[in-house]
Protein chains: 2
Amino acid sequence: MTRKNERIVSPEFSSLSASIVTTLKDQILHWQYPPEHRLTEAELCKQFNVSRSPVREALRILATDGFVQRMPNRSYRVKQHNLQEIEELYDVRLALELFVVERLATRNDAVQSDIAALKRTWTGLLNGSPRKDEELARLDTQFHETLAHASGNKSLLRQLRAINERLMLFRIIDFAKTHRAASTCRQHLDILKYILAKNVAGARKAMQKNIEEGRNNVHSAIKDALARSYSM
Amino acid sequence: MTRKNERIVSPEFSSLSASIVTTLKDQILHWQYPPEHRLTEAELCKQFNVSRSPVREALRILATDGFVQRMPNRSYRVKQHNLQEIEELYDVRLALELFVVERLATRNDAVQSDIAALKRTWTGLLNGSPRKDEELARLDTQFHETLAHASGNKSLLRQLRAINERLMLFRIIDFAKTHRAASTCRQHLDILKYILAKNVAGARKAMQKNIEEGRNNVHSAIKDALARSYSM
DNA sequence: GTACTCCATGCTGTATACAATGTGGCCTCA
DNA sequence: TGAGGCCACATTGTATACAGCATGGAGTAC
C-alpha cells in the first residue's frame, strides 16, 4: 500500500534533484520521451511528487549535460541530437582519446594492471558467447573510460564521461550492426597491443579506426532512419 | 540616490542568476575572494539584494563551471586550483588543440579568412608597442579559440572555452613573464604558417610547443608562489 | 585532563506563494 | 477577409517560509 505522499524517487540519493536527474536521463535514453517532447516543471512535480525546487534544479543539470534544451521563460524540451552534433561529439572523443593512447604508449607507469585487465576482458568477449547490444555498448564505453582513467587525467576522464553519456543512445545503435561486436574486440585488442609495445603511431591509428567505425555505423543508421521517416 | 530595493545587478541580463554568475566569476578571477573563501547563500543575497533562488542557481552554475566547490548540506567555497588540476587542464587543451590544428592543416576549406586575420593581428603584435599582461592573455585566448572556431566543431569550441575561462587566471601569470609576449607571437605565426602549408606534423609540433611553454611558465610561477608563502 | 553526549545554531534542502513573461485565441476594424 | 491589438492562460522567474542536516561548544562523567 502506497501512502499518499510517498516519494517515487530512489532512496540511494541524498538529494531529490540528483535522483530526478538520473531517472530522467534513463527515461530519455530509453526513448520514454520522444525527441522535442516538452517537459514542464509542474508535470514533473506530479510525476515525482516533489515541489518545483528540486525539479528546477534537475532540469538545469540536464540542460548543461545536454539532455534537454532550455528555453528561457518557456519550458524545456527533450533534446533532439542532429547528425552534425553527433559527428562533433565523436570528433571530440577522437581528440581526447588519441591523446590518451599517446600518453599511455609514451609513459606507461603504473597502468599495467588496468591494461592487463582490459586485455583479459576483451579476449574473453572475442571467444565467449554473444552479448546484448546494450551490454556491449556499456562494455565498450567502459573500455574507453578505463584507458582515460589509466592516463591519470581526471579532468579529461570527466569530460569523456559526459560525452559518452550523451552518446550512449547511439552506441547502442552502433552495436546493433552485425559483426560489430567481433570487430570491436579485435580493434580493442589491437589498441592494447600497440600501447604495450609503446608504439605511439600504431596505437593512435588503431584508436582512430575504432572510433571512426563507430561513427560511421551511427551515421549511416541515422541517415537510414531519417530516410525511412521521411518516406512514411 | 539609491532606492532601498534597487538591484545591484547589471541590466543587460534577463535573469538575475546569469548576472550574478558573471559578476562572481569576474570577482573570483580578480582575486576579490581568496581561495577557499566560504560563500554562503545568505551572504550573497545581501550582496546582490536578491532572494535565495537566483543565488542558489548561480552557485550551481559556478560549481559546474569549476569556480566554486559545492559541499552538500554545507556551504560553497571558492575553488582552489591545485597544481595537478592546472596541469590536467593544460593537457586537455593540448588534446583538443592538437586535433584542431591537424584538422585545419588537413582540410582547410573555408577558414582562410580567419587564418589571414590572425596572421595580421599577431604580426602587428610582434612589431607593435608592448601590451598589458591581461590584454595579452585575452588575445592569446582569442587566438586559440578562433582556430577552434575555424575547425567548425562547435562542441569542441564550447569545451575549450570552458577550460580557458578557468585558466584565465593563470594565463595572466604566464604573460607576466618577460619575453613571453614576443615568443608567443613567433609561436603563433609558426602555427599559422604550418597550417597554411598543410604541414600537419609541423603544425602539431608548433602548437604543442606553444601550449607547453605556457604550462611551464605557470607551473614554475605557482611553485615559486607556494615556496614564498611557505617561507612566510 | 580527556572523551563523550547533547543541544543550540547556522546553513542548506524543500515547499509554496506571488510576480512577470510569453503565447494563442478572440475580437475589432479596416 | 485579413491584420493588428488586447486579454486570458499557461509556465517560468523570484521571494519567502518551513524542515532537516551538520558542526561546534558547553557540560558531564571518568
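Chain naming here is simple, since letters A, B, ... match the order of the sequence lines and numbering starts at 1 in each. Being a predicted model, the structure only gives us computed values, none of them experimental.
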Practice problem: Return no unless some side-chain N or O of A/Ser51 is found under 4.0 Å from OP1 or OP2 of C/dA15. | Solution: yes

Self-check item: NZ/NE/NH1/NH2 to OD/OE distance under 4.0 Å, A/Glu85 and B/Lys154
Solution: no

Practice problem: For B/Ile20 and D/dG13, give me the distance from atom CD1 to atom P, rounded to whole Å. | Solution: 14 Å

Quiz item: In whole angstroms, how far is the C1' atom of D/dG13 from the CZ atom of A/Arg74?
Solution: 15 Å

Exercise. Please report, rounded to the nearest Å, how far the C1' atom of D/dT16 is from the CG atom of B/Leu16.
Key: 15 Å

Quiz prompt | Upstream residue (5' side of DNA chain D) when A/Ser53 and A/Ser75 are each assigned their closest nucleotide | solution = A/Ser75

Quiz item: Whole-Å distance between D/dT12 P and B/Glu57 CD?
Solution: 13 Å

Self-check item: Out of C/dG22, C/dT16, D/dT11, whichever nucleotide has its closest atom nearest the side chain of A/Asn73
Solution: C/dG22

Quiz item: In whole Å, what is the span from the CG atom of A/Asn49 to the P atom of C/dA15?
Solution: 8 Å

Quiz prompt | Salt bridge present between B/Glu213 and B/Arg180 (N-O < 4.0 angstrom) | solution = yes

Exercise. Indicate yes or no for a side-chain donor-acceptor contact from A/Glu41 to the backbone of A/Arg56 under 3.5 Å, with no hydrogens or angles considered.
Key: no

Quiz item: Is the phosphate of C/dC11, meaning OP1 or OP2, less than 4.0 Å from a side-chain N or O of B/Arg70?
Solution: no

Exercise. Using whole Å, report how far CZ of A/Arg38 lies from C1' of C/dG24.
Key: 12 Å

Quiz item: Can you find a donor-acceptor pair, distance only, under 3.5 Å between B/Arg52 side chain and C/dG13 base?
Solution: yes

Practice problem: Would you mind reading off the distance between B/Glu41 atom CD and D/dA15 atom P, rounded to a whole angstrom? | Solution: 13 Å

Quiz item: So do B/Asn153 and B/Val100 actually touch side chain to side chain, heavy atoms under 4.5 Å?
Solution: no

Practice problem: Would you check, one step at a time, whether the test side chain to side chain contact (heavy atoms under 4.5 Å, CB included) holds for A/Leu160 with A/Asn164? | Solution: CA-CA 6 Å; A/Leu160 190 63; A/Asn164 283 336; 3.7 Å; yes

Quiz item: To the nearest Å, how far apart are B/Arg77 CZ and C/dC11 P?
Solution: 16 Å

Quiz item: Counting side-chain heavy atoms from C-beta on, which of C/dT14, D/dG13, C/dT12 comes nearest to A/Arg56?
Solution: D/dG13

